[in-house]
Structure formats: structure tokens, C-alpha cells
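Worksheet: one structure, shown below.
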Amino acid sequence: MDSVTENHKDACFLKPSVTSIDDGPIAKLPPRGQRLSLCSTELDDLSREISTTGFRSANRDFTTWVKKMEALHEPIWRKAGIFEAIQASVYKIPKDQSLVLSLVEKWCSQTKSFVFPWGEATITLEDVMLLLGFSVLGSSVSAPLDSFSLEMRDVLEKLKKGREENCSSDGCVSQKSWISSFMNRDDEKKIEHEAFLTLWLSNYVFPDAYRLSISKNVFPLAVRLARGERVALAPAVLASLYRDLSRIHGFRKSDNKVKLESLFKLVQVWIWERFSSISPHAREIKNGEPRIARWSIRKKKCERNDGRLSFDGFEWRPYGKTIRNWNPPKFYVEEGKWLSVDESLDDEFVSFARCLRVAKLGGIGFVEDYYPNRVAMQFGLDQDLPRLVTYLSDLTEKEAWDDYNKSLDGEKLYVPSRLTTTSVTARYQEWWLKSISKFLSSEETNRDGDASRNVQAKLQRSRKRREARAEKKKGKVGDCGGSSSREVMTLSELFQKELGKRTHEEDDDGNIRVAESRKKSKGDVSESVGKRSDDEVYVRYDVKKGVGKIEDCGGLTSREMTLSELYQELAKRTSEHLRNERCKRAREDDVNGTIAEMTKSGNKTGGDTSESGLVQKVVSEVETVATQETRLFFV
């Protein structure tokens, strides 16, 4: 009997997900007409119509001020979670706008992800944390002023007065005038730190889209950070980036130029980290430098065919690779493990947990969705069908923050190995093939060439394997070419048919040895007869005598039996094996299937609130993985 080797794997899925298309609402891709699709000319036009302040580089005055403030306030910066972010701000990243826009074309506003023929990927909170240095932990960026002490309110007034004194006729405050007013001024030493953080926040964290100026909106945030208060800047930074990516999508609907204010340099660095085939040669960073420093290089444009780039060879977990003078975060462990989230758990592991959770991201004056369950492999987890997450109404910034900041105490967190190999379920593959064919145009499919064809070929092979397994479960006998015979009603008929398909060899004792057919299909990856696993049994049948024996993998042999008795025994063993497997799986589900029920969605969430956890470990169908079955070989 031909068989297909089925690999078994403990799969860890990122919740919320569904186990079948009929199990719940799936977060589908939108129709083709609801996405940005540009020809080369339109892409060039878009490049001219867009301006961004997200590539601002530090000048000499600011760099000098950074060094001075670091010497005085490094402990406070580390406590507030902004030390690495301030360090990352001084590095110049050469802008390649056409490269960025080539990726932006693949952005989907509904899913908050880039859609490729081979799957989805997106910029996550982990990317913001590791490339730009912003914290995912802490308090909200928009804390109320009524929590400020009298001393803090006094500092706010001094900052406002300093802005008024340096404000030009057009309402702007230049960086030069602000630095000269507060840096190395004896009369302003008491608020120099707050003034420095105000400049940093205004120009390098939340830059204005239209002008380079000091923003009064960041005064309260600067005062809080100067006192060592940890603020979760990463969600606000990512929300701003998501909003700008979606704004580009509708640029043709407006006659005005598109002015972007988010940190778009993150998009470009993300491309270079993930697609080595189109990235320039990174420089070696020095001890103590942030990871983004490796991309502070001379400008080098990538080679394009017909003005287009082929986004192939995606790196799912680039931060787990060894880079000289840069240490990955603690959650890139050598061996995967489960942890309990509590006060004793290191902040880096808690940060990883935050990155995994579907949530609302609160920006400054707006809210964006965050769907890490669509890109589980970017976190070292396996990908299953992403469940649709709905909210009954639009959330305010405060409600969005409450949703994001729900307590994780007492929950279980799975941290995968940095060397883990991730996969997708067979059901996800089938769903993706159908979804992407409706989402991408034929022109885009042809443009992406090999990537699209490889994905489709792989999915077709996977579908054939699933069909073969389904036929086997129905009791159908498949020939070597993959076709199937009529449905077999009894084991006796199946055994007789298999005997007829085998070649007969007579051994020294006159017994007939039934050997496997040498003919194999292309997708056949069955084990050789000499290799036995725990669930294999072997039948030796003497055609002349009309009797046979059953031998298991341990070498134990049954008594001689007639053909009818053989089948009764096979049926009995098969039934017992399946019953044992069901009991075993039930026990495994109780132990391994423990769902990390991280946090329940608030009153604003829809019907999928029970799926608000993070990671679920199951023995599941991943890639070509199927549930374990008894395999019967005739020798």
C-alpha cells in the first residue's frame, strides 16, 4: 500500500485564530478594487507627490546636545525606556523613496499588512522596539494633565513661555533658536532636560508634516519623561506609520500633495532587514551602538527591472541572527519555553508578550488596528487562519489604550527558539491561494513571477497530499499515479486487492513474501520497508498454505491465521490503536493545548472576545502535517 510520510509537529499558533473555514469569521483580504495598484509611470508620479519628514537626520548642534544630556541623564533615560531611541535618532538613513513606495504599493489598509504572493508581512511593535528603540511598556502618551504636580505644571509654563519668545511670524520655532535658548544657559538649567526632550519629541518622534518646529503638544510628555516615567511610545509611533501608509492608498482621490509625518525611515530599514537580496551592504556597528546604526551608510539604490522590485527571500526573524557587537533581546532564546507572566518576569519577555497581542493602537488624536495574528511567523510561531476581530464602535484614544494595556499577570507565554522553523497549516495554504488570486491582478502575479508560481505549485502539491489522505480515510485504494479506485467496504476486499498489486517472491522455506511495488508517484515520500515506526504492522502470508502471521514493530509474531482471521485481527488492532490515539490526544489537549488566555476584549469588542489570548500550543496540521494514523505495510 502506497503511503505518504506525514510529519508531526507541536504547533504554536498566535491567537485569535480559527481551525477551519466554517469554525468562525476569518479576517479575509479585501476585494482587488480596494487596494493601490500602480503602473511604473504612476509610481513615479506618486514619488513626486509625496513628501515626508520621517527621514530627518540630526545636525551637529543636536548631536552635541545629545552627548551632554546623556552624560547627565542616562539613568533617567533608561528608566523611562528612551535611551536607545534617543541614540537611534542621531543616525542618518539615506532615503530611497522609490524603494519605499515599491513596498507601500503592497500595503492593505484593512489588514494593516503588506500582501505578497507568498503571504502577508507587516511592521510590528517588535520592529519599532528593536530598530527605533521605543518601548512597548509604560503609560499612555496622552496622560491627563490633572495628574501633574505643581512643580511639573510650573515647568510646563516655562516651556510655553520659551516657545512664545522664540516663535517667528509664521508660528514656527526653529531648532537653532530653541537650542540657543536652553542649551548651556545658567538661567534655564533647571528645565534644560525638558527642553531637550521637547526638541527630540518634536523633530525625531512625532515630526510635523509641514514644518520643522517645536510642538507644544509634546510639552507634557517631555516633562513626564524627564522624571523617569516610562511611556509606551512604540504603539503611538506604529499607529502614526500605519495611518500614513493608508493615506498613500488614497492619494489619487485628492488633488493635494501627500505630506507624511510618521517615521518612514523605519519602512526602509525594515525592507533592508527583511529582504537581503535588495538591501545594501550593512556596516559593522560598534559596541554600544543601536541596531539601526548598521544602515547609516552611503546612499545606494537597488537595481530594478522595469522600475519594479521583486520582494522575494523574506527573512521572518532577522533579529535572531548573530551580528557582531549587537546582542538580541532576551526573548530570542536557544530553546523554546513557557513562562508565567508576573511581576518577577523580566521586562523584555513582557515586551514580547505585548507584541503578540491583537489590540488597538492609540496615536495622538487617532486610533489604528494591530493584527499580529496575521503574521505569526514573524514571531517564531506557526500560522493558522486568522480570526476576524471586530469592534462594535470606534474607540477613543483612552479606550484604545485600555484595550492595549490590559493586564497580562498570571498568564502563560510561549517564547519560541530563535532557531525555530515555522510553518503554515494546510488549511491556511488552501485559503491563501484562493484569497491571493482574488486580491492580486494578473499583471502583479506575472510581475512577481517565480514567487507566485512557486507558491501556487507548493499549494497544489499540498492539496494533492490532503486529497490522498482524505481518500485513505474513506477506505479508498490509491494507485501510484494518485488516482483512486472504487470505495472499499471491507478490510478483506482491501487486503485481497493489495495482494493482487504486489509482486510475489518465494523464499528458501517456500513461503510467499509480498513485496512493495517499486513504482512510486512524484509526491511519494514513504519510508523503505526496512524502516519501521511504532504504529506499523507487517503481514506475512503463505498463499500455498492459506495462512499468515502478523508481526509488529517489536518483532512479536501472532499465531498462524487464515485470511479471514487475519482481517478480524487487523480490524481489532486498528480499532484499539485509533481508540488509544484519541485518548492520547485528549490528554495532550488537556496539557499541551492550554491556551494562553491573555486578556479578554473589553465591552467594545465583538463576538470573538473569547479569542483574545496569545499563543495556543496544539498538535496540529502544519504544512504537510496530519493527525497520526495507523500505517499498514505488507512485506
Side-chain angles (χ1 to χ4, degrees), residues 55-60 62-96 123-137 200 204-205 233-234 237 263 265-300 302 313-335 346-352 355 378-380 415-420:
F55 280 86
R56 285 176 181 165
S57 57
N59 59 24
R60 184 177 300 177
F62 179 74
T63 303
T64 301
W65 208 4
V66 168
K67 293 178 180 179
K68 177 188 177 183
M69 291 292 101
E70 178 186 348
L72 296 173
H73 304 292
E74 179 180 345
I76 294 178
W77 290 0
R78 291 190 180 278
K79 182 181 177 182
I82 58 174
F83 177 78
E84 292 184 0
I86 293 177
Q87 297 297 311
S89 302
V90 303
Y91 293 94
K92 180 179 180 180
I93 306 300
K95 181 168 65 173
D96 188 346
I123 300 173
T124 68
L125 287 170
E126 182 189 39
D127 297 305
V128 179
M129 180 171 60
L130 299 185
L131 293 177
L132 297 183
F134 295 112
S135 175
V136 300
L137 304 180
W200 175 66
Y204 304 101
V205 183
L233 291 172
V237 169
L263 300 183
K265 64 181 178 182
L266 175 60
V267 179
Q268 185 169 306
V269 172
W270 185 85
I271 296 173
W272 287 345
E273 288 278 356
R274 303 280 180 171
F275 298 97
S276 58
S277 61
I278 57 176
S279 65
H281 181 70
R283 74 171 178 86
E284 182 178 305
I285 61 177
K286 301 175 183 178
N287 281 320
E289 285 189 317
R291 186 181 178 99
I292 199 174
R294 64 197 299 255
W295 302 113
S296 182
I297 55 179
R298 291 185 178 181
K299 186 174 182 180
K300 177 184 178 182
C302 301
F314 185 74
E315 293 281 354
W316 290 103
R317 303 200 84 194
Y319 312 123
K321 293 185 176 181
T322 302
I323 294 179
R324 188 173 181 180
N325 296 328
W326 186 82
N327 295 320
K330 295 178 181 178
F331 52 80
Y332 276 87
V333 295
E334 295 300 316
E335 295 184 4
D346 190 281
D347 280 350
E348 291 192 26
F349 290 100
V350 180
S351 296
F352 181 65
C355 295
Q378 288 185 221
F379 301 101
V415 183
S417 166
R418 69 180 184 89
L419 304 175
T420 189

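Ionic pairing of E273 and K321 is not present here: no N-O contact between side-chain nitrogen and carboxylate oxygen is shorter than 4.0 angstrom.
A distance of 4.5 Å separates CD1 of I297 from CH2 of W272, quoted to the nearest 0.5 Å. Distance CG/L125 to CZ/F352: 12.0 Å, rounded to 0.5 Å. Rounding to the nearest 0.5 angstrom, the gap separating the OG atom in S279 from the CZ atom in R294 is 8.0 Å. In this structure, CE in M129 is found 5.0 Å from OG in S351, a value given to the nearest 0.5 Å. In this structure, OG1 on T63 lies 10.0 Å from OH on Y91, to the nearest 0.5 angstrom. We find the CG-CG distance between L132 and L263 to be 6.0 Å, quoted to the nearest 0.5 Å.
Remark: D347 pairs with L137 by the side-chain contact (heavy atoms from CB on, under 4.5 Å) rule, at least two apart or across chains. Under the side chain to side chain donor-acceptor pair (under 3.5 Å) criterion, W316 pairs with no residue at all, not counting sequence neighbours. Residues forming a salt bridge (Lys or Arg N to Asp or Glu O under 4.0 Å) with R317 (at least two apart in sequence, or on another chain): none. For N59, the side chain to side chain donor-acceptor pair (under 3.5 Å) criterion is met by Q175, not counting sequence neighbours. For R274, the side chain to side chain donor-acceptor pair (under 3.5 Å) partners are D127, not counting sequence neighbours. A search for side-chain contact (heavy atoms from CB on, under 4.5 Å) contacts involving E74 returns E70, R78, F83, not counting sequence neighbours. Not counting sequence neighbours, the partners of E334 by the side-chain contact (heavy atoms from CB on, under 4.5 Å) test are R418, L419. K79 meets the side chain to side chain donor-acceptor pair (under 3.5 Å) test with no other residue; sequence neighbours excluded. Under the salt bridge (Lys or Arg N to Asp or Glu O under 4.0 Å) criterion, E348 pairs with no residue, sequence neighbours left out. Residues that satisfy the ring-ring contact (aromatic ring centres under 6.0 Å, His included) test with F379, not counting sequence neighbours, are absent from this structure. For S57, the side-chain contact (heavy atoms from CB on, under 4.5 Å) partners at least two apart in sequence or on another chain are K92.
Sequence neighbours left out, the pairs with a member in residues 279-289 that pass salt bridge (charged side-chain N to carboxylate O under 4.0 Å, His left out) are R283-E289, E284-R324.
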Check your understanding: What's the verdict on side chain to side chain contact (heavy atoms under 4.5 Å, CB included) for V66 and W200, showing C-alpha distance, side-chain angles and the deciding distance?
Key -> CA-CA 9 Å; V66 168; W200 175 66; over 6 Å; no
**Study point:** Test log, rule side chain to side chain contact (heavy atoms under 4.5 Å, CB included), inputs V269 and R291
**Key:** CA-CA 10 Å; V269 172; R291 186 181 178 99; over 6 Å; no
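Within 6.0 Å of CD on E126 lie more than 12 heavy atoms contributed by other residues, nucleotides or ligands.
Contact annotation: the side chain of P329 approaches that of L130 to within less than 4.5 Å [non-hydrogen atoms, C-beta and beyond]. With contacts defined as side-chain heavy-atom distances shorter than 4.5 Å, the pair I86/M69 does not qualify.
In this structure, L131 and A88 approach most closely via the heavy-atom pair O-CB, 4.4 Å. Counting all heavy atoms, side chain and backbone alike, S89 lies closest to A85 at OG-O, 2.9 Å.
Between Y332 and Y319, the two ring planes are perpendicular [angle over 60°; tilted spans 30° to 60°]. Relative orientation of the W270 and F275 rings is perpendicular, given thresholds of 30° and 60° on the angle between their planes.
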